[in-house]
A.B. asks: 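One structure, as structure tokens, below. Some questions next.
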Amino acid sequence: MRTLYSLAVLVSTTILSACGGSSDNDNTTTDLWQVSTDKSSTASLTQTNAPTLTQYMKFGLYAQTTSVGEENPTPTQPADSGTNLITPGVDEADRVKFSDRILYVSGKDADTGNPYLKRWFREADSGLTAMAALPLADPLKRIKGLYVDEGQLTVLGDDQQDYIGLLTTPAESVNSRTVVQLFEQGNAVYQLELDGALLDSRRTDDALWLVSRYRPHAAGLLGYAATEADKRHNMAVLQAASLAELLPKRRVNNAEAEPMFSADQCYLPADIQNNEGSSNMVVITRLSTSAPYQTQSACVVGEITDFYMSAQHLYLHGLVLEQTGAQTVVHKFSLEDSAAGYQATGAVDGQIAASQADFMLYEKDQTLLLFNSVSGEEGPMHRLWVLQQEGDTLNTVAQLPNEQYPNEVIGKPGEAIYGVRFTGDRAYVVTFERTDPLYTFDISNTLQPRVIGALEIPGYSAYLHSVTDDLLWGLGQNITFDEQGEPVWNSASAKIALFDVSADDAVLQDDLLFSGQYSPLEYQHHSLAALHQSGTTRMAVPLSRFDDELGEMVSLLLLEVADNGVMQKVGELIPEYNQRANSWEARTVLIEDDIYFVLGDTVYHSVWQQPDQIAAQY
């Protein structure tokens, strides 16, 4: 493996020789750059410098263009249900937020395609009074989520108008621009624009964290270089390009663009070779909640799929394809410093794949636990991995199954993972092909995880929710099978199950079926609103069914789950039909006995005791 210093020397030599132009070989292909795209290394990351980063990104862009077919609440206020979160204490952006008696609703106008941000003040009688519109920044063409806390509203979005809908397009253009707009007490006080597409965000007590994708562009670069002349043209363009031109920029309050970071704030795989390159960059940006002008960024150049964030660390993870099979690579960053600081890298066999993959990683006792799947002759084989940092490496310190417990397998042959939930000293996994095995794991000692229970019932749960330490709630579908034993998917019914998990073996406490219906909660955890009070958890879940003439019909199911394990349906809020509204964007806020159901750009107000009677709509 080359050291960073020797690689930097080779970079300078390669660029100088490429710019020199041999008179003997001007009419041959021998002096064209012979480069390859980064092989998505599983090696630890190393801090880079300007020459190394420059070549790596230029080679990545060059290789990309020569690849055929490549495209580019306050204490005095009543508690509310809030946003349903992956990690307690780590807030997530969503299209609906409630704070300080104000309800905020964002979206995109179906007629004009323009974003809207509506807000209402909740009066003493629980009614809503419309408030003045907030001026959205000109570059903000699409709102992707809101954060709100003590009068401070943060709007996240981008400058793209090429999609209709909200929060439904995970793959964004890497050439888009992320927009952050901050309001305090209804006044616009700050605007930030960052080059790159927002992958997702999180918010802790002291900072807003943005993870974005960026692909550099050099003016004049041909997107597809098919001929030798085109390749020589791209070489010349890239040789002339400076690093400053290739790095993403930020713009504060419409001021001049400035670099988001310098080369030494970027990380590359430590085992890169001199002829390798990549133009795929993921940027972590920290915005201080008390001083948003103080932004710090760090970047990783390479293939990253997604991320998981605890209260202490942020983990980027990606898929690496090796000759021996797929691997999941994980890069660990600390959140303790003023900016995300790289700490360690690890890799395990298999890939993360589930309907809600965000729930498949969990940090506990200085270890990272993750579930993933390895391809096998009889279908996917699922594993629980436990990684622990040692130096700059995340080492595998435990896994299931293992040599000591080879029979503690997760799922039967051919079954896929549908639902995962880590909570305290337990983890739960649902797999499905013909039945729903609910597996219970003891992770009280993360270095010695065990499968301690398995329950088989019809159907499956794609989303799992911990109601209390002894009660687990799941939502999925009930499936029937044909004579050949194959699932008949168009016969599916929405299924809600309540499990008693006080003992090692989970017990089905109760279940409810809703024929011909489906809930977006299977894929979108923000769909659920839950509020615990006086020994009972109130839950609101959107349901969807399709009418042959009208299309999608959306309603809101209201449930109560008592701490003693009794679950009952309270009722159903059925709003008027709206052809422009869809269940994926449906959100609910529960405050005391009030229900505020947001469908499209309309808020339907009802009360818990009579949810089927709509008191008002706004």
A.B. asks: Kindly indicate whether the side chain of Leu140, heavy atoms from C-beta on, has any atom under 4.5 Å from the side chain of Val155.
C.D. replies: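 Yes - at least one pair of side-chain heavy atoms lies under 4.5 Å apart.
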A.B. asks: Are the side chains of Tyr405 and Val451 in contact, using a 4.5 Å heavy-atom criterion?
C.D. replies: no
A.B. asks: Taking Gln524's backbone N and O only, do any of them form a donor-acceptor pair with Ser527's side chain (distance below 3.5 Å, no angle check)?
C.D. replies: yes
A.B. asks: Does one side chain, of Tyr463 or Asn84, offer a donor that lies under 3.5 Å from an acceptor on the other?
C.D. replies: yes
A.B. asks: Set out, in order, the CA-CA distance, both residues' side-chain angles and the distance that settles side chain to side chain contact (heavy atoms under 4.5 Å, CB included) for Lys364 and Ile443, then state yes or no.
C.D. replies: CA-CA 9 Å; Lys364 175 178 168 56; Ile443 56 170; 4.1 Å; yes
A.B. asks: I need the minimum non-hydrogen distance between Ser583 and Glu552, along with the two atoms involved.
C.D. replies: OG-OE2, 2.6 Å
A.B. asks: Sort out for me which residue in Val598, Val603, Thr83, Thr588 forms a side chain to side chain contact (heavy atoms under 4.5 Å, CB included) with Val96.
C.D. replies: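 Result for side chain to side chain contact (heavy atoms under 4.5 Å, CB included) with Val96: Val598.
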A.B. asks: What is the minimum heavy-atom distance between Ile352 and Ala357, and which atoms define it?
C.D. replies: CG2-CB, 3.8 Å
A.B. asks: Mind checking the OG1-CG spacing from Thr87 to Leu361? Nearest 0.5 Å is all I need.
C.D. replies: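 Taking OG1 in Thr87 and CG in Leu361, the distance rounds to 9.5 Å.
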A.B. asks: Say whether Asn372 and Gln351, considering side chains only, have a donor N or O and an acceptor N or O under 3.5 Å apart.
C.D. replies: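 No.
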A.B. asks: Drop me the distance from Leu531's CG to Gln533's CD, to the nearest 0.5 angstrom.
C.D. replies: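 Here the rounded value is 4.5 Å.
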A.B. asks: For Asp593 and Gln609, test the side chains for any donor-to-acceptor distance below 3.5 angstrom and give the result as yes or no.
C.D. replies: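 On atom types as modelled, these side chains qualify, holding a pair under 3.5 Å.
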A.B. asks: Take the angle between the ring planes of Tyr418 and Phe432 and call it parallel below 30°, perpendicular above 60°, tilted in between.
C.D. replies: perpendicular
A.B. asks: Would you find more than 12 non-hydrogen atoms of other residues, nucleotides or ligands less than 6.0 Å from Asp612 atom CG?
C.D. replies: yes
A.B. asks: Can you check whether Leu128 reaches Phe121 side chain to side chain, under 4.5 Å on heavy atoms?
C.D. replies: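 No, every pair of side-chain atoms sits at 4.5 Å or beyond.
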A.B. asks: Asp109 side chain to Thr112 main-chain N or O, any donor-acceptor pair under 3.5 Å?
C.D. replies: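 Yes, the answer is positive, given that a donor and an acceptor are paired below the 3.5 Å cut-off.
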A.B. asks: State, with a plain yes or no, whether a side-chain heavy atom of Leu208 is found less than 4.5 Å away from one of Asp91.
C.D. replies: no
A.B. asks: Distance only, no hydrogens: is a donor on one side chain within 3.5 Å (strictly under) of an acceptor on the other, for Glu522 and Gln477?
C.D. replies: yes
A.B. asks: Short question: side chain of Arg587, backbone of Leu528 - any donor-acceptor pair under 3.5 Å?
C.D. replies: no
A.B. asks: Scan side-chain atoms only and decide if Tyr315 and Glu363 contain a donor-acceptor pair under the 3.5 Å cut-off.
C.D. replies: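 Yes, a side-chain donor-acceptor pair sits under 3.5 Å.
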A.B. asks: Please check if any side-chain donor atom of Ser176 sits under 3.5 Å from a side-chain acceptor atom of Asp158, or the reverse.
C.D. replies: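 Their side chains do not contain a donor-acceptor pair, so the 3.5 Å distance test is not met.
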A.B. asks: Any luck finding a side-chain donor-acceptor pair between Tyr596 and Arg122 under 3.5 Å?
C.D. replies: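 A donor-acceptor contact under 3.5 Å links the two side chains.
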A.B. asks: Does Thr537 reach the side chain of Glu560, with side-chain heavy atoms less than 4.5 Å apart?
C.D. replies: no
A.B. asks: Between Tyr460 (side chain) and Leu475 (backbone), is there a donor-acceptor pair under 3.5 Å?
C.D. replies: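 No, the answer is negative, given that no donor and acceptor are paired below the 3.5 Å cut-off.
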A.B. asks: With no hydrogens and no angle check, just 3.5 Å: does a side-chain donor-acceptor pair link Trp608 and Glu592?
C.D. replies: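 Glu592 and Trp608 do not have a side-chain donor-acceptor pair below 3.5 Å.
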A.B. asks: Could you please spell out the steps behind the side chain to side chain contact (heavy atoms under 4.5 Å, CB included) verdict for Ile102 and Trp120?
C.D. replies: CA-CA 6 Å; Ile102 300 177; Trp120 293 267; over 6 Å; no
A.B. asks: Taking Asp94 for the side chain and Lys97 for the main chain, is one N or O donor matched with an acceptor at less than 3.5 Å?
C.D. replies: no
A.B. asks: Do Glu415 and His382 pair up side chain to side chain, a donor and an acceptor below 3.5 Å, judged on atom types alone?
C.D. replies: no
A.B. asks: Which is it for Gln160 and Arg177 under the side chain to side chain contact (heavy atoms under 4.5 Å, CB included) test, yes or no, and what are the steps along the way?
C.D. replies: CA-CA 8 Å; Gln160 301 295 294; Arg177 184 175 296 173; over 6 Å; no
A.B. asks: Which atoms form the tightest heavy-atom contact between Pro575 and Ile614, and what is the distance?
C.D. replies: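 Nearest pair, atom of Pro575 first, then Ile614: CA-CD1, 4.0 Å.
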A.B. asks: Suppose we call two aromatic rings close when their centres sit under 6.0 Å apart. Are Tyr362 and Phe371 close by that rule?
C.D. replies: no
A.B. asks: Are Asp504 and Arg426 within salt-bridge range, i.e. N to O under 4.0 Å?
C.D. replies: yes
A.B. asks: Flag yes if more than 12 heavy atoms outside Arg545 fall under 6.0 Å of its CZ atom; otherwise flag no.
C.D. replies: no
A.B. asks: I want to check something: taking the side chain as every heavy atom from C-beta on, are Val348 and Leu370 in contact at a cut-off of under 4.5 Å?
C.D. replies: yes
A.B. asks: Identify the heavy atoms of Ser81 and Val589 that sit nearest to each other, and give their distance.
C.D. replies: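 Shortest heavy-atom contact: OG-CA, 3.6 Å.
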A.B. asks: Take atom CG in Asp125; do more than 12 heavy atoms of anything else shown fall under 6.0 Å from it?
C.D. replies: yes
A.B. asks: One pair to check against ring pair (Phe, Tyr, Trp, His ring centres under 6.0 Å): Tyr308 and His313. What are the steps and the verdict?
C.D. replies: CA-CA 8 Å; Tyr308 158 78; His313 299 99; over 10 Å; no
A.B. asks: How long is the straight-line distance from CG of Leu314 back to CH2 of Trp209, given to the nearest 0.5 Å?
C.D. replies: 7.5 Å
A.B. asks: Return the OG1 to CD distance between Thr431 and Glu456, rounded to the nearest 0.5 Å.
C.D. replies: 8.5 Å
A.B. asks: Over all heavy atoms of both residues, which pair between Arg383 and Val374 is shortest? Give the atoms and the distance, please.
C.D. replies: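 What the structure gives for the nearest pair is CG-CG2, 4.4 Å.
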A.B. asks: Side-chain donor-acceptor pair under 3.5 Å between Gln617 and Thr602, yes or no?
C.D. replies: no
A.B. asks: Are the side chain of Thr178 and the backbone of Gly196 linked by a donor-acceptor contact shorter than 3.5 Å?
C.D. replies: yes
A.B. asks: Could you please spell out the steps behind the side chain to side chain contact (heavy atoms under 4.5 Å, CB included) verdict for Thr154 and Leu146?
C.D. replies: CA-CA 6 Å; Thr154 303; Leu146 311 173; over 6 Å; no
A.B. asks: Which value, rounded to the nearest 0.5 Å, describes the distance between Leu508 atom CG and Leu498 atom CG?
C.D. replies: 8.0 Å
A.B. asks: Any luck finding a side-chain donor-acceptor pair between Asp470 and Thr468 under 3.5 Å?
C.D. replies: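 Thr468 and Asp470 do not have a side-chain donor-acceptor pair below 3.5 Å.
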A.B. asks: Using 0.5 Å steps for rounding, measure from the CE atom of Met539 to the CE atom of Met567.
C.D. replies: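 Rounded to the nearest 0.5 Å, the CE-CE separation comes out at 9.0 Å.
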A.B. asks: With no hydrogens and no angle check, just 3.5 Å: does a side-chain donor-acceptor pair link Ser461 and Lys495?
C.D. replies: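 Looking only at side-chain atoms, Lys495 and Ser461 do not form any donor-acceptor pair under 3.5 Å.
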A.B. asks: Give a yes or no on whether the ring-centroid distance for His605 and Phe597 is below 6.0 angstrom.
C.D. replies: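 For His605 and Phe597, the ring centres are not under 6.0 Å apart.
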A.B. asks: Any donor-acceptor pair under 3.5 Å linking the side chain of Tyr439 with the backbone of Gly411?
C.D. replies: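 A pair under 3.5 Å: yes.
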A.B. asks: Is there a side-chain contact between Arg101 and Pro78 (heavy atoms, below 4.5 Å)?
C.D. replies: no
A.B. asks: What pair of heavy atoms forms the shortest contact from Ser201 to Leu156, and how long is it?
C.D. replies: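 Shortest heavy-atom separation between Ser201 and Leu156 comes out as OG-CD1, 3.2 Å.
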A.B. asks: Between the side chain of Ser555 and the main-chain N/O of Glu572, is any donor-acceptor distance below 3.5 Å?
C.D. replies: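 No, Ser555 side chain to Glu572 backbone: no donor-acceptor pair under 3.5 Å.
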A.B. asks: Is it true that a side-chain atom of Ser606 and a backbone atom of Gln613 form a donor plus acceptor pair closer than 3.5 Å?
C.D. replies: yes
A.B. asks: Do the side chains of Gln399 and Leu384 get nearer than 4.5 Å, heavy atoms only?
C.D. replies: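 Not touching, per the 4.5 Å side-chain cut-off.
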A.B. asks: Does the side chain of His317 pick up a donor-acceptor pair with the side chain of Asp306 at under 3.5 Å?
C.D. replies: no
A.B. asks: Could you tell me whether Asp111 atom CG has more than 12 heavy atoms of other residues or ligands within 6.0 Å of it?
C.D. replies: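 For Asp111, atom CG is crowded (more than 12 foreign heavy atoms under 6.0 Å).
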A.B. asks: Using distance alone, with no hydrogens and no angle criterion, decide if Asp563 and His532 have a side-chain donor and acceptor under 3.5 Å apart.
C.D. replies: yes
A.B. asks: Is there a donor-acceptor contact under 3.5 Å from the side chain of Gln327 to the main chain of Leu321?
C.D. replies: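 The answer is no, because no donor-acceptor pair under 3.5 Å joins these two groups.
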